[in-house]
Participant: 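I have a structure here, written as C-alpha cells, and I will follow up with some questions on it.
In what follows, every chain begins at residue 1, and chains take the letters A, B, ... in the order their sequences are listed.
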Amino acid sequence: MYTDKVMDHFTNPRNVGEIEDANGVGEVGNASCGDIMKIFLKVEDNIIKDVKFKTFGCGAAIATSSMVTEMAIGKTIEEALELSNQAVAEALDGLPAQKMHCSNLAADALHEAIKNYREQNG
Amino acid sequence: MYTDKVMDHFTNPRNVGEIEDANGVGEVGNASCGDIMKIFLKVEDNIIKDVKFKTFGCGAAIATSSMVTEMAIGKTIEEALELSNQAVAEALDGLPAQKMHCSNLAADALHEAIKNYREQNG
Amino acid sequence: MKHIYLDYNATSPVRPEVLEAMLPFYREQFGNPSSVHWAGRQVGGALEKAREQVAAFINASPAEIVFVSCGSEGDNMAIKGSLGALKEKGNHIITTTVEHPAVLETCQALEKEGFDVTYLPVDKDGQLNLDDMEKAITEKTVLISVMWANNETGNIYPIEEIGAIARKYNIRFHTDAVQAVGKVPVDVQKAKVDLLVISGHKLGAPKGVGAIYVRRGTRMTPLLHGGHQERNRRAGTQNMAGIVGLGLACEMAGAEQESYYHRVRALRDKLEDGVVALVPDIKLNGTPNRDQRLPNTLNVSFAYIEGESLLLNLDMYGIAASSGSACTSGSLEPSHVMGAMCVEVTLAHSSTRFSLGPETVPAEIDKVLEVLPATVQRLRDMSPLYNCGRTSDNCETCQTIKRI
Amino acid sequence: MKHIYLDYNATSPVRPEVLEAMLPFYREQFGNPSSVHWAGRQVGGALEKAREQVAAFINASPAEIVFVSCGSEGDNMAIKGSLGALKEKGNHIITTTVEHPAVLETCQALEKEGFDVTYLPVDKDGQLNLDDMEKAITEKTVLISVMWANNETGNIYPIEEIGAIARKYNIRFHTDAVQAVGKVPVDVQKAKVDLLVISGHKLGAPKGVGAIYVRRGTRMTPLLHGGHQERNRRAGTQNMAGIVGLGLACEMAGAEQESYYHRVRALRDKLEDGVVALVPDIKLNGTPNRDQRLPNTLNVSFAYIEGESLLLNLDMYGIAASSGSACTSGSLEPSHVMGAMCVEVTLAHSSTRFSLGPETVPAEIDKVLEVLPATVQRLRDMSPLYNCGRTSDNCETCQTIKRI
Ligand SMILES: Cc1ncc(COP(=O)(O)O)c(C=O)c1O
Ligand SMILES: Cc1ncc(COP(=O)(O)O)c(C=O)c1O
C-alpha cells in the first residue's frame with residue numbers, strides 16, 4: 001500500500017514534538033476525518049530554523065508531516081509557502097489514491113503555521 | 001442417480017421387440033415429453049404368455065419397460081391390471097424423484113395393451 | 001475403463017499449473033486483501049496481477065475487470081445492473097431466443113417487473129438476422145444482450161457487427177462470452193462491447209470464480225450490495241485462490257489460443273466427418289459453416305432415440321457427452337435452443353453435444369467413432385419410432401418446446 | 001519475524017484437513033454435478049454430503065441448505081429474495097444500525113426502491129432493546145433481519161428472543177450468522193430463524209463459498225436467475241471444491257465448538273485483562289458482559305491515537321489486527337458500528353479489534369501485551385490531542401459518523 005519512503009517516515013518520523021518558544025503554530029484537519037496535524041515553527045530572519053509536528057492520523061498523515069518538516073527546514077518562508085501537498089507526496093514517492101484527499105495536508109499545516117507567524121510578527 | 005437394478009434393466013433390457021401375432025398392443029406417452037412406450041401382448045386363456053416392448057425414452061423409461069414385462073409374464077390379466085407404476089418403480093429399488101412423473105409409465109402401457117386385448121377379444 | 005471426456009462446454013478440469021498457482025492462497029497467503037496488515041498486503045499484489053491477466057486476455061484495462069463468482073452471476077449483474085442504472089432512459093432489452101438460462105431467465109424475471117424484452121428468433125441453423133435486431137430497436141431500448149458463442153451448438157454470433165449496431169444507436173451492449181473465451185479471439189475493443197462475462201471453470205480455472213468486463217464509464221447498480229470490494233462494484237470477500245487461478249488460466253489461454261484452435265478443430269472435424277459418414281438419419285444442429293462454430297463443439301441429433309439413454313450408453317464406454325433432452329436439462333422440457341431453431345421435438349430430445357478440450361487426443365475420437373454407430377443402432381432397434389413409417393411431429397407441435 | 005494473526009473475524013486460513021478434502025475436486029473429480037455421465041456422478045454424492053454436513057451443523061435438513069458464493073451474497077439473497085416474494089404482504093423491514101454492510105447497504109438500496117426500513121438503535125454497549133423492536137412492527141412488516149453476532153464488537157444478539165417475537169407476529173426472520181457459527185452454538189430450530197447465512201472463510205473453509213439456510217416453505221425470488229442448480233434457488237455451476245471444504249469445515253467446527261469456546265475465550269480474556277491493566281485511557285467497545293460477546297473478540301479504543309497508525313505499528317511486530325478507522329474501512333467514515341454506539345469520534349477512529357482463532361497460542365497473547373503499551377504510548381507522544389487538555393468532541397458531532 002505505502003511506498004518504502006512513506007514507511008520509513010512513518011516508522012522513524014523526523015522532528016516529532018513541540019517547540020516551546022515557537023513563533024508560528026498551525027493546525028489543520030479535524031477529528032471526524034481522522035486526521036489532525038499541528039506544525040510548530042521557529043522562524044529567524046525569515047528563515048525556518050526549526051520545525052516540529054504533532055499528528056493524529058493514519059500512516060500517510062504521519063509520514064507527510066514528517067516529510068514536510070524535513071523539506072521546510074532551512075527554507076525562507078516564501079520558499080516554504082511554495083511547498084505543496086503534491087510536492088510532499090512526490091517526495092514520498094507517492095501516496096495511495098484514497099490518501100491524497102484526507103491525509104495529505106501537511107503542507108497546508110505548514111502554511112497555516114506561517115500565516116500564524118506572520119500574524120504574530122506582522 | 002439410478003439404482004443398480006435400473007442400470008441392469010437399462011443396459012440389458014428384457015423382452016425388447018415386437019410380437020408378430022400380438023393380440024393386445026398399448027402405447028402411452030408422447031414425443032414432446034420425450035417418452036413413448038409400446039407394449040405387445042400375447043394372451044392365452046386369460047394368461048399373459050408373452051410380452052414385449054419398444055421404448056423411446058430415457059434410462060428410466062427403458063428400465064421400467066423392461067421391468068414391467070418381467071413382472072407381467074405369467075400373470076392373469078386381472079393380476080396384471082393390479083400392477084402399478086409405483087410397484088414397478090419399487091421393483092427397481094426406486095427411481096429419481098424427477099423421473100417418477102414422466103418416465104414411470106410402463107404399467108400404464110401394459111394396462112393400455114390389456115384394454116386393447118379386451119376390445120379385440122371382447 | 002479409460003475415461004473420454006467430451007463435455008468441456010459443461011466444465012473442464014483445472015489446469016495443473018493453475019492449481020499449483022492457487023494453492024498458496026489457501027494457507028500461507030490466506031489474508032483478506034482488504035486488510036492493511038501483512039496478511040492483507042501479501043495478497044493484494046496477486047489480486048491486481050490477476051486483474052491484469054484477465055484484462056490483457058480480452059484487451060481491457062485492469063480497472064474494468066470485476067471478479068464475480070460464476071458466469072451466471074456475471075450475466076445477472078450485467079443485465080440487472082444495467083437496467084437498474086438506466087431506468088430513466090428506458091425499459092427495453094433486446095436479446096435472443098438462444099441465450100443461456102442465466103440471461104433468459106433474468107430477462108423473464110425482469111419482464112414480470114414491467115420491463116419489455118424482445119427475444120430475437122434464429123433460423124433453423126441457429127443464426128441471427130441482424131436486420132431483425134435493428135428493427136427491434138426502439139427509443140426505449142437500453143440494452144442489447146447477445147452471447148458471443150452458443151453453449152449447445154457452438155454457433156458464433158457476429159459480435160463485431162452487433163457492437164457496431166449498438167454503438168450506432170448508442171445502446172449498451174452485453175455479451176455472454178463464457179463459451180467463447182479461450183476458444184476464439186475475444187477483444188472488447190474490436191467488438192465494442194460494454195459488458196462481457198467469463199466463467200473460470202470453462203477455461204481451466206476452478207468453479208466458483210468468474211469475471212465481468214465493465215467498460216469505463218458504464219454505470220451499474222450493484223447486484224451484491226455490501227462491502228467496498230471491487231471498487232464498490234461487487235461486495236464480498238474476494239475468492240483469492242480462484243481469482244489467482246482465473247488470472248493464470250486467462251494468460252495461458254491467451255498464449256495458446258491459436259494452437260488450441262487448430263488442434264481442437266482438426267479433432268472436432270474428424271469427429272463430425274466420422275459421425276456423418278458412419279451414422280444414418282442424423283441432423284447437425286447449428287450452422288453447417290464450421291468457421292462460424294466454436295472449434296470444439298459438435299451437436300448432432302440421432303433420429304428415433306432419446307438423448308439420455310444415448311448418453312448413458314456412451315457412458316458405459318467411459319464417454320462423457322451431454323444432451324438437450326428434457327431428461328438431462330433439470331427442467332421438464334428439451335433444450336430451448338433446439339426449440340428456437342425449430343428442431344422437431346424428438347430430434348430435440350436426441351440432440352447430443354460433443355465438446356472437446358485441450359486434453360482431447362485423437363485416440364479418443366477414434367474410440368467414439370468405433371462405439372457410436374452400434375450404440376445408436378441398438379437404441380433404434382428398441383425404439384417404437386424407428387422403421388414404423390411414423391411421420392415426425394410437425395413444427396406446430398414443436399412450438400410447444402419453445403420456452404418463449 | 002513471527003507472524004501473530006489476530007484478525008480471524010476478517011478471514012481465516014483454510015484448515016489443512018479441509019484443503020486436503022478439496023483437492024480431488026479440481027482435477028480428478030472435476031465434473032459438473034448437473035451432468036449425467038461419470039464425471040457428473042462422481043461429484044453428486046460429495047455435493048449432497050456437504051449439504052448434510054452443513055445442515056447437521058445448524059440443525060437443519062439438507063434440502064434447506066443452498067450453497068452460495070459468500071456471506072454477502074447470502075445476505076443479499078435473504079433480504080432481496082424475501083422482499084421480492086412478499087411484495088403483496090408488505091414493504092417494511094426491521095433491522096439494526098449495527099449490521100454488516102451486506103445487510104445495511106442492501107436495505108439502503110431497497111429504501112431507494114420504495115421499501116421502508118427501520119434501523120433499530122443500540123445503546124452505548126451496542127445492545128438492542130427488544131421493546132423497540134416490538135414497537136417497530138407494523139402491519140406492513142415482512143422481514144426482521146438481525147445479525148447473530150457483530151463482527152466488530154463480538155456482541156451476541158438475543159436471537160432466540162427475537163425469533164420468538166418474529167413468530168408471534170408471523171414475520172419472517174433472517175439472521176446473518178457469519179460471525180457466530182463455529183464460535184457459539186447455532187441451532188435454527190431453537191432460534192426459530194427462517195433464513196440464516198454463513199460464510200466459509202470465517203470458519204476454516206476457503207473464500208468464495210457460503211451457504212444460506214432457507215426454512216422449508218420459505219418463498220424467495222432468486223437473486224441469481226438461470227440454471228436449475230440448488231433446486232432452482234441459486235443458478236450457477238456449483239463450486240464443488242469450495243462446497244466440499246465448507247461441509248467439512250462445518251462438521252469440524254461443530255465437533256470442536258465447545259473446546260474451541262473455552263480455549264479461545266481464556267486467551268481472549270487474558271488479552272482483555274492485560275490491555276485493561278497495562279494501557280491507560282482506553283475504552284472497551286461492545287458489551288462488558290463477556291458471556292454476551294463472542295469468545296474470540298476484543299474491541300478496544302485507545303484514546304488520542306488513530307487506528308491505522310496503530311495497526312501499522314503493530315504490523316511491524318508481525319501482529320495483525322483490524323480497526324474501525326476510516327483509513328481502513330474503504331469508505332471515508334469510521335466504523336458505522338462505533339457510530340451507532342455513539343462512540344466519540346476520535347475513539348471511533350482508534351477502535352481496534354483483536355479477533356483470535358483456533359490456531360492462536362498463549363505466547364502470541366503475551367507478545368501483544370508486551371508490545372502494545374509502548375506502541376500506544378509512542379503514538380500518543382506524537383499526537384496533538386494527548387495531554388493538551390482538549391476536550392473531545394461531543395455526541396452531537398459524533399452523529400456525523402453515523403451512516404443512518
Ligand atoms: C457479520 C458479517 N456478515 C457478512 C460478512 C460478509 O461475508 P463475505 O465476506 O463472505 O461476503 C461478514 C464478513 O466480512 C461479516 O462479518
Ligand atoms: C453460455 C453460458 N453462459 C453462462 C453460463 C453459466 O456459467 P456458470 O456455470 O459459471 O454460472 C454457461 C455455463 O453453463 C454458459 O455456457
Side-chain angles (χ1 to χ4, degrees), chain C residues 3 5 7 10-14 16 19 26-27 30-32 34-39 69-73 75-76 100-102 105-106 108-109 199 201 206-209 221-228 235-242 308 311-312 314-315 318 320-322 328-331, chain D residues 3 5 7 10-14 16 19 26-27 30-32 34-39 69-73 75-76 100-102 105-106 108-109 199 201 206-209 221-228 235-242 308 311-312 314-315 318 320-322 328-331:
Chain C
H3 281 155
Y5 188 73
D7 201 9
T11 196
S12 64
V14 175
L19 180 56
Y26 290 117
R27 287 195 49 78
F30 68 90
N32 187 327
S34 302
S35 299
V36 299
H37 49 62
W38 53 266
S69 70
C70 60
S72 300
E73 183 190 331
D75 285 333
N76 275 261
H100 188 270
E105 304 255 338
T106 299
Q108 285 160 11
S199 175
H201 69 103
K207 297 169 186 55
V209 68
T221 50
L223 181 66
L224 299 192
H225 290 88
H228 295 276
T237 303
Q238 282 102 340
N239 172 359
M240 279 305 305
E308 191 205 77
L311 284 197
L312 289 173
L314 292 176
D315 184 58
S322 85
T328 62
S329 73
S331 78
Chain D
H3 281 155
Y5 189 72
D7 201 9
T11 196
S12 64
V14 174
L19 181 56
Y26 290 118
R27 287 195 50 78
F30 67 90
N32 186 326
S34 302
S35 300
V36 299
H37 48 62
W38 54 265
S69 71
C70 61
S72 299
E73 183 189 332
D75 285 333
N76 274 262
H100 188 270
E105 304 255 339
T106 299
Q108 284 161 10
S199 175
H201 69 103
K207 298 169 185 56
V209 68
T221 50
L223 181 65
L224 299 193
H225 289 88
H228 295 275
T237 302
Q238 282 102 341
N239 173 359
M240 279 304 307
E308 191 205 77
L311 284 198
L312 289 174
L314 292 175
D315 185 58
S322 85
T328 63
S329 72
S331 78

Participant: Measure D:Leu223 against the heavy atoms of chain C and call it side chain, backbone, both or neither at under 4.5 Å.
Facilitator: both
Participant: With a 4.5 angstrom heavy-atom cut-off, is it the side chain or the backbone of D:Ala39 that approaches chain C, or both, or neither?
Facilitator: side chain
Participant: Does any heavy atom of chain C fall under 4.5 Å from the side chain of D:Leu224, the backbone, both, or neither of them?
Facilitator: both
Participant: Which atom pair, heavy atoms only, marks the closest approach of D:Cys70 to C:Gly236?
Facilitator: SG-CA, 4.0 Å
Participant: Counting distance only, does the side-chain N/O of C:Lys207 pair as donor-acceptor with the main-chain N or O of D:Phe30 below 3.5 Å?
Facilitator: yes
Participant: When you measure from the side chain of D:Asp315 to the backbone of C:Trp38, do you find a donor-acceptor pair of N or O atoms at a distance under 3.5 Å?
Facilitator: yes
Participant: Output, in order, the C-alpha distance, side-chain angles, deciding distance and verdict of side chain to side chain contact (heavy atoms under 4.5 Å, CB included) for D:His225 and C:Asn76.
Facilitator: CA-CA 7 Å; D:His225 289 88; C:Asn76 275 261; 3.7 Å; yes
Participant: Over all heavy atoms of both residues, which pair between D:His37 and C:Ala320 is shortest? Give the atoms and the distance, please.
Facilitator: CG-CB, 3.4 Å
Participant: Can you list the residues that meet the side-chain hydrogen bond (donor to acceptor under 3.5 Å, both in side chains) rule with D:Ser12, with sequence neighbours excluded?
Facilitator: none
Participant: Looking at chain D, which one of C:Ser322, C:Gly318, C:Ser199 has the largest number of heavy-atom pairs inside 4.5 Å, strictly under?
Facilitator: C:Gly318
Participant: How many angstroms lie between atom CD of C:Glu105 and atom NE2 of D:His228, to the nearest 0.5 angstrom?
Facilitator: 6.0 Å
Participant: For C:Ala10, which residues count as a side-chain contact (heavy atoms from CB on, under 4.5 Å) partner, sequence neighbours excluded?
Facilitator: C:Tyr5, C:Asp7, C:Arg353, D:Asn32, D:Ser35
Participant: Quick one: which of C:Ser34, C:Ala235, C:Pro16 has the most heavy-atom pairs under 4.5 Å with chain D, could you say?
Facilitator: C:Pro16
Participant: Measure D:Asn239 against the heavy atoms of chain C and call it side chain, backbone, both or neither at under 4.5 Å.
Facilitator: both
